[in-house]
Amino acid sequence: MKTSSDILPKRFYSKKASELAPKLLGKIIHRKLGKAVLSGMITEVEAYEGDNDSASHACGGMKNKNSTMFAVGGTFYVYFTYGNHHCCNIVTGKESEGQAVLIRSVQPLSGIDIMSMNRFQRSCENQKDMINLTNGPGKLCKAFAITRNENGLDLTEDTIWITQGKKIPAKNIAISKRIGISKSIDFPWRFTIADNPFVSRKP
DNA sequence: TACTAGATCGGCT
DNA sequence: GCCGATCTAGTAG
């Protein structure tokens, strides 16, 4: 069991989104749910910056919907899209910069039965179910029971927090173009752990 | 296995 | 109205 000293400090999040994103790979995200704690290793992320990034929610300035994205680095930003999907982001940089890293996939580590019930209303039966549990932004939010109620949380507090986890060597990080957007699609700001099956799509 | 379309709803035009 | 940082089921090959 991790201790609180492993929680990544606020200053860890003070970098630009595109610099921080690869460093988040291999980190462990934890989410307290009642008496249980769900956790998973981050395997896939995408960076979204404010300026020069027309795909970012922050592009065009602060609005009601995206105001959390302009919070200080280390804040959790959750938004709702396509009718029934939530996506979760980690805000980076300084306050009012509007940068964030989208978490696209994690590898389930603990609380797997609870995640599976959240998503399938049944237990995982095989490896395929395990992968399908959290290999996409909407999927992992459902498995972790993340909704807009969690928007704006501080990632150094004890509801949702991130710990050091495993260090991923640079050569095991695959870089590719972002997925699922129609603007600024050429930015190489998608980072995945090479050879890890828990990603939404191979680069 | 690969591609296509429908679901579904909050916020912006 | 329309569109979206998605997912799933369905059809074709």
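Keep in mind the model is a prediction, meaning the values are calculated, not measured. Throughout, a chain's letter reflects where its sequence line sits, starting with A, and its residues are numbered from 1.
Atom-to-atom distance recorded for A:I28:CD1 and A:S39:OG is 6.5 Å, nearest 0.5 angstrom. To the nearest 0.5 Å, atom CG of residue A:N126 and atom CD1 of residue A:I131 are 9.5 Å apart.
Within the structure, every side-chain polar atom (N or O) of A:H85 is placed at least 4.0 Å from both OP1 and OP2 of C:dC7.
Rounded to a whole Å, the CD1 atom of A:I179 is 11 Å from the C1' atom of C:dT6. Between the CZ atom of A:R190 and the P atom of C:dT6 there is a distance of 11 Å, given to the nearest Å. When rounded to the nearest whole Å, the span between CZ of A:R201 and P of B:dC3 equals 10 Å. Atom OH of A:Y79 is separated from atom P of C:dA5 by 6 Å (rounded to the nearest Å). When rounded to the nearest whole Å, the span between CZ of A:F187 and P of C:dA5 equals 15 Å. With rounding to whole Å, A:E44 atom CD is found 12 Å from C:dA5 atom C1'. Spacing between atom CG of A:N135 and atom C1' of C:dT6 amounts to 12 Å, rounded to whole angstrom units.
Applying the Watson-Crick and G-U wobble criteria (two distances, each under 3.5 Å), C:dA5 pairs with nothing in any strand. Nucleotide B:dT8 forms no Watson-Crick or G-U wobble pair with any nucleotide shown, as no partner meets the under 3.5 Å limit on both distances.
Under the 4.0 Å criterion applied to side-chain N and carboxylate O atoms, A:D129 and A:R122 are assigned as salt-bridge partners.
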- Protein heavy-atom contacts under 4.0 Å, written 5' to 3' over nucleotides 8-13 of chain C as B (base), S (sugar-phosphate only) or - (none), form the string S-----
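Side-chain rings of A:Y48 and A:H57 stay apart, their centers remaining 6.0 Å or farther from each other.
Checking A:S184, A:S18, A:S56 one by one against A:E49, the side chain to side chain donor-acceptor pair (under 3.5 Å) holds for a single residue, A:S18.
As judged by a 4.0 angstrom heavy-atom cut-off over every strand, A:R178 is placed among residues making no nucleic acid contact.
The same atom, P, is picked in B:dG6 and in C:dC2; the two are 15 Å apart, to the nearest Å. Using P as the reference atom, C:dC3 and B:dA5 are 16 Å apart when rounded to the nearest Å.
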Could you list all N or O pairs between the protein and nucleotides 8-12 of chain B that sit under 3.5 Å apart?
unit_1, atom_1, unit_2, atom_2, d
B:dT8, O4', A:N84, OD1, 3.4
B:dT8, O2, A:Y82, O, 3.0

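Side-chain contact check for A:N89 versus A:M69: every heavy-atom pair is 4.5 Å or farther apart. Residues A:K10 and A:V72 are in side-chain contact: their nearest non-hydrogen atoms beyond the backbone lie under 4.5 Å apart.
Because its NZ or CZ atom is not both nearer than 6.0 Å to the ring centre of A:F144 and within 45° of the ring axis, A:R31 does not count as a cation-pi partner of that residue.
Classification of the A:H86-A:F80 ring pair by plane angle, with boundaries at 30° and 60°, yields tilted.
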